[in-house]
Amino acid sequence: MSADVELQNVSVSFGNFYAAKNVSVKIEKGEFFSFLGPSGCGKTTLLRAISGFSEPSDGQILIGNQDMAGIGPNKRPTSLIFQNLALFPLMSVADNIAFSLEVRGTGKVQRRKRADELLELVALSGQGDKKVHELSGGQRQRVAIARALAIEPEVLLLDEPLSALDLKLRQKMRTELREIQKRVGITFIYITHDQGEALTMSDRIAVMNQGELEQIGSCHNVYESPRTPFVATFVGENNAFYGTVSAVDGDMVNVLADGHNFLAKAGDLGEGKKYTFKKDDKVIMFVRPESIFLKDQNNQADNIFTAGFKAIEFEGNLKNIYMSIDGKQNVRCSVSNAVDTTDLSNSKNVELKFSSRDAVVLPVGPLAVD
Amino acid sequence: MKYFFNKNGPLISTYLIIAISFWFVFLIIIPQLYMFDLSFRPNIPSLLRGGPDDVYTLIHYKHFLFGSQTSGESYNYVDVGVFFNTLLIAILITLINLCFCYPIAFYIAKVASPNTARLLIVSLIIPFWINELLRSFALRILFAGEGFINNALLKLGLIDNGINFIAMDVALYTGLNYAYILLMIFPLYNAMETLDKNQLEAAEDLGSSMLKTHFRIVIPHAKAGIASGCTMVFMLTAGALATPVVLSSPNTFWFTQLIYQWFNMNDNWPRGAAYSVVLLSVSVVFVLLMMRIFKVKIGEIVR
């Protein structure tokens, strides 16, 4: 059984401080939904409100169309996986997993049977008699998932459970979590500050900043059509060119920035609508580093400009080239490691290009500073 | 040893060694050994000590068991009775103390905000700035026939005649319970404080009731603290003197009062020593037995 979760104008306040402000979102049945945002943006607060550990000061939370007001965490059809997992160190792995059944009075034999089933689901067969501290980080992760699934919740809530793992394991667990979600078919609500995690696993993402929802959409939508400068810079990397609108032609906007006249598309407002700009509007044009190419690369581009070379950074599969226009506007371009950049380091100026389809114009607003 | 000296410097090292050995040897080992030795000697004037009459004997232990130094025909029901009564009540008081202190400790450790917790700890400590004897007398005043509690109950019309709390030993049990409350609360608090709050929330999220969470998560985690608190309260209650002297009814005797009598009123130090040895060894054996039953190791208790 899986249930949809609906937040209707949910606010959570502590005194005068609003940790979450007027959040409305409908999470579909069986969806893998992520709340993405920097620490302190209110995503954990929302998760605690959904799980029942705190009550919203305003608005309603509906799970499977049932209002959750006044229902405690032990009575909600949700299960929460804590950031530090909160496994019980004095119990065996099987006892941990079957704890929810034990407190409901299920017999010992049946508990063990269910624990073994779940251990198989998370690929830990035969580890039931071990103590928690005998397991590796990734195995503990899976025990936590199994424990949360034992009561067959309709919604699984995950509070950055992968953040304590090292990179390789984290990448592996992403794939695994996604697979487990598909197998059990219930709604997953995932909280993270790691955009990579959100993008790889989720069906949809809600980007949060300072307690408010900035944008809800599919991974592609959030990445390719950011609605605010915050989303543009928080999800993935982005070059921000501050400038003014010099001409508007339908959805295409001419932006005068750093002495160049760039052509770019107006940002999406959602529901098929676009931002409308007029001449002399102050705007920011965003171009992702991987959408900027060296002039001699074989890509279509209708914007060409020159920037002074500063440094090159080797990242393994990618190379980041750092440049600046007139020493003021920083430009970053990422190219595949296969691209030959030996000449670059010797030259002062680099000719660059990008397509107007890959450039997004948004009204001026705060960026995500890291 | 060399490492110890290098690490702490000669001055501090010497001071530490002297202070600790003084405490251990002069304040613990020697008096206990002396007491132990004394308990096997006859009660003779100090002039005859070391003379031909000063031989090892079991008469004091015999007296404790049989009420007579020579015959073993009938048991010393009075003294043995007082002894077991003392132990039994000490156990009872320890259990009541545990039940009383557990919620307080849990509240301070896991529920209260840091500021409230500090305030509560201070308000628990401050009453103990007052001397134990004075606290006992204060309770006596509260519980006396014309005391505060009786007067209040009479005024409220809840009772028609004053209740003799002293004779019913209500005052004694209250006093003993209160006397060592901190020694129960602090080990419990220390143990519970280290429990990850997420564990409690995880248990709740998995559907556990408050009571079950305590039995499955909190108590197993705090086991060592519970053992430590119970041990201290039991030992100190069984060995309490001031509170029973002030608060016990004329019919109730605490075993320490008997020991006190042998030492002070009857001037029979060896017999007092023998009674002390009995109390100490039975208490220690009992505590060790309990620790074995509840599978607590000594190392965990002092942690």
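Within every chain, numbering begins at 1; the chains are lettered A, B, ... in the order of the sequence lines, protein sequences first and strands thereafter. As the structure is a prediction and not an experimental result, all values here were calculated from the model.
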Taking a cut-off of under 4.5 angstrom between non-hydrogen atoms, the residues of residues 180-198 of chain B near chain A are B/Asp196, B/Asn198
Crowding at OH, A/Tyr18 (>12 non-hydrogen neighbours, <6.0 Å): no
Chain A contacts: which residues in residues 208-217 of chain B have a non-hydrogen atom closer than 4.5 Å to it? B/Ser208, B/Lys212, B/Arg216, B/Ile217
Greater than 12 external heavy atoms within 6.0 Å of A/Gln110's CD: no
Quick check: under 4.5 Å, non-hydrogen atoms only, which of residues 67-90 of chain A neighbour chain B? A/Pro73, A/Asn74, A/Thr78, A/Ser79, A/Leu80, A/Phe82, A/Asn84, A/Ala86, A/Leu87, A/Phe88, A/Pro89, A/Leu90
Just wondering, are more than 12 heavy atoms of other shown residues or ligands nearer than 6.0 Å to CZ in B/Arg292? no
Nearest heavy-atom neighbours spanning A/Phe53 and B/Glu204: CE2-OE1, 3.5 Å
Please list, in residue-number order, every residue in residues 95-127 of chain B that has a heavy atom less than 4.5 Å from any heavy atom of chain A; write 'none' if there are none. none
A/Glu120 atom CD, over 12 foreign heavy atoms within 6.0 Å: no
Flag yes if more than 12 heavy atoms outside B/Phe286 fall under 6.0 Å of its CZ atom; otherwise flag no. yes
Whether over 12 other heavy atoms sit under 6.0 Å from B/Ile12 CD1: no
What heavy-atom pair brings A/Arg147 and B/Ala202 nearest, and what distance separates the two atoms? NH2-CB, 3.6 Å
